[in-house]
Protein chains: 2
Amino acid sequence: MQTEHPFDRKRQRAPSKRALATRERVLDAAERIFAARGFDGATIRDIAAEAGEPVGSVHHHGGGKELLFHQAVARRSVELSQARRDALEAARASGPLTLERVLDAFMRPFFALAEDEPRWSDYARLVALVSADDRWRGIAAECFDPTAALFLSELAELAPDLTRRTRAQAFVFSVSAMLSLLTSQGRIGALGAEGTENPGAGRATPGQVDHLVAFCAAGFAVSADGRR
Amino acid sequence: MQTEHPFDRKRQRAPSKRALATRERVLDAAERIFAARGFDGATIRDIAAEAGEPVGSVHHHGGGKELLFHQAVARRSVELSQARRDALEAARASGPLTLERVLDAFMRPFFALAEDEPRWSDYARLVALVSADDRWRGIAAECFDPTAALFLSELAELAPDLTRRTRAQAFVFSVSAMLSLLTSQGRIGALGAEGTENPGAGRATPGQVDHLVAFCAAGFAVSADGRR
DNA sequence: GTCTATATGTAGATAGAC
DNA sequence: GTCTATCTACATATAGAC
């Protein structure tokens, strides 16, 4: 049998164009189903049905449920990290960095991507799943920690009075708030109540992102203010 | 067969003392297992083993997996809500309310409970699960929304310039940050890095709670500041 | 690479003796 | 109320023809 799985050491030959397309469809389906039902709630069969592929094909390309999940998370993480780094460089080029501008560079690219491509909204749910469950700390460490560390070191220069731990804590608060805006429009609606549901069901408006960034920047600033 | 399940209309007779104790042990076990593995990751058999009860007993007292989960969440929600309302009244009695004091009344009781009883730390994970998954919106609406609405109306008086929606959003950011501190000490540690892990693995220090409250209060204040 | 068929385990739920 | 045994369904994973 041919146990050549993704994430194995290099293949002998490049896969065919058709095979690559199948692989992409499997990953797209996995992204949607994992996002909607969580890792344990999702089944390979659901994913196969969503991809319009036989069950065996999902195993072949996915390499098992855990690896499939890992792949789905890792796939877009490079583009996300790059968008964040680019935004940071753009901010640096256009004037002196501030807490607010650094946080904006970290957060806004995710919303910008989600606005164009609904797939990125599903991906946001995946990121939230990974962030919330210690079971996936390894994946988070691989896919997100390096960029987080980069931004954290920028924030350190802008808020030098904070201890390392307090800074990490403020950053975790900020990321949690960001993920809640990416994934929990429903909760905001339920509490905000009455008619004015936002149109794009699940997509944040630029104004909401402004608010998020301002909220977190203020939180960072007060953390430095001696207050503690 | 006797289909008398919890949450059914009233029973004919009060259950025996022994039966009540069994029920409590089942709920305790469910709380721990659901907290550790999530709803779909947990199994009735895991819960039975944790409770030291036969599988059938868990079904009998739990009334099925979904109802068991519902019961586990609902059980402590009354005490939590009461602690929050008491803290709000205490704050009101001891001086003029501020954003910071209201948020403190909402957040600190949860940490205070978790500090004494580790069960409350498990419960915090349950609350986070319920908050993160739209599948449980009904439970959240029943167990948490009323108290959230009470605090939100207090916050409305202290930040009258915010729109209803912006206020709800700031509140969701705050709750997300609170839950991240209750459940994600690991992430804070991973980003804060180096030695100084806090001792009580998973319990927040009062200083961390101070920081959380200050962070969120500052966020609320800036939301009102015209900034948007 | 793709697809059908199947192996093996384990899930939630229930029946019925005690 | 408690406990054992069991029903039925569906999970992941694999084998092997094409």
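Bear in mind that the values here come from a model prediction, so they are computed numbers and not experimental data. First the proteins, then the strands, lettered A, B, ... as listed; each starts at 1.
Side-chain proximity of B/H60 to C/dA11, D/dC3, D/dG1: nearest is D/dG1. Closest to the side chain of A/A19, out of C/dG1, D/dG1, C/dT4, is C/dG1. Residue B/R45 places its side chain closer to D/dT6 than to any other of C/dT2, D/dT14, D/dT6. Picking from C/dA11, D/dG1, D/dT2 the nucleotide with the shortest atom distance to the side chain of B/T43 gives C/dA11. Distances from the side chain of B/I44 to the nucleotides C/dT4, C/dG12, D/dG1 place C/dG12 closest. For A/E53, the side-chain atoms get nearest to C/dC3 when compared with the rest of C/dG1, D/dC3, C/dC3. When distances are taken from the side chain of A/K65 to each of D/dC3, D/dA13, D/dT2, the shortest belongs to D/dA13. Minimum atom distance to the side chain of B/T22 is reached by D/dT2, of the listed D/dT2, C/dG1, D/dT14.
Here the C1' atom of nucleotide D/dT2 and the CZ atom of B/R25 are 12 Å apart, to the nearest Å. In this structure, the NE2 atom of A/H59 is 13 Å from the C1' atom of C/dA7, given to the nearest Å. Atom CG in A/L68 sits roughly 15 Å away from atom P in D/dA11 (whole-Å rounding).
Nucleic acid contact for B/A42: sugar-phosphate only, since backbone atoms but no base atoms lie under 4.0 Å from a heavy atom of the residue. Note on A/R18: only backbone sugar-phosphate atoms sit closer than 4.0 angstrom, heavy atoms only; bases stay farther off. No contact: B/S16 has no heavy atom under 4.0 Å from any strand.
The closest donor-acceptor contact from the side chain of B/K65 to the backbone of B/H59 lies at 3.5 Å or more, if one exists at all.
A tilted orientation is assigned to the rings of B/F110 and B/Y123, their planes being inclined by 30° to 60°. Ring geometry for B/W136 versus B/F39: interplanar angle over 60°, hence perpendicular rather than tilted (30 to 60°).
Using modelled atom types and a 3.5 Å distance limit, the side chains of B/H70 and B/E142 yield a donor-acceptor pair. Using modelled atom types, one finds no donor on one side chain facing an acceptor on the other under 3.5 Å when comparing B/S131 with A/R187.
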